[in-house]
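Written below as structure tokens is the structure these notes are about.
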Amino acid sequence: MAILEDLNPESVYFTERGGTRCAILVVDIGDVSEIPRYAKPLFLTFNANCQFPIAMSPKDLARSSPDGL
């Protein structure tokens, strides 16, 4: 699929959510300004509902301040 080649996600999973077909793409977004690069092709091609939940790696968590937890 050309869109997946262009977006180059770290991993992709196809599943269902609430009775609707969906895809979960794991991407490393360094800055929120990169979100449209990922969302726009999915909006235009599939009229997709895109969500971008935040996830931290153990390395990210280790760099965080104990006061921030």
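Under a hydrophobic clustering in which Ile, Leu, Val, Met, Phe, Trp and Tyr are joined whenever their side-chain heavy atoms come within less than 4.5 Å, directly or via other members, Phe52 and Tyr13 fall into different clusters. No single ILVMFWY cluster, assembled from side-chain heavy atoms under 4.5 Å apart, contains both Ile24 and Ile35. One hydrophobic cluster, built from ILVMFWY side chains closer than 4.5 Å, cannot hold both Met56 and Val26; they sit in different ones.
You'll find the side chain of Val27 stays beyond 4.5 Å of the side chain of Glu10, heavy atoms only. Looking only at side-chain heavy atoms (C-beta outward), Cys50 and Phe43 come within less than 4.5 Å of each other. Side-chain contact between Thr15 and Arg21 is absent, with no heavy atoms from C-beta onward closer than 4.5 Å. Looking only at side-chain heavy atoms (C-beta outward), Leu25 and Leu4 come within less than 4.5 Å of each other. Residues Ile3 and Phe46 form a side-chain contact, since some pair of their non-hydrogen atoms from C-beta on lies under 4.5 Å apart.
Contact record, Glu34 with Ile29: CB-CG2, 3.8 Å, taken as the closest heavy-atom pair. Heavy atoms only, all atoms of each residue included: Cys22 and Arg17 are closest at SG-CB, 3.9 Å. Pro41 approaches Pro36 most closely through the heavy-atom pair CD-O, 4.1 Å.
When the side chain to side chain donor-acceptor pair (under 3.5 Å) test is applied to Ser11, no partner is found at least two apart in sequence or on another chain. A search for side chain to side chain donor-acceptor pair (under 3.5 Å) contacts involving Arg63 returns Asp60, not counting sequence neighbours.
Proximity of a side-chain donor or acceptor of Thr45 to a complementary backbone N or O of Leu42 within less than 3.5 Å is not detected.
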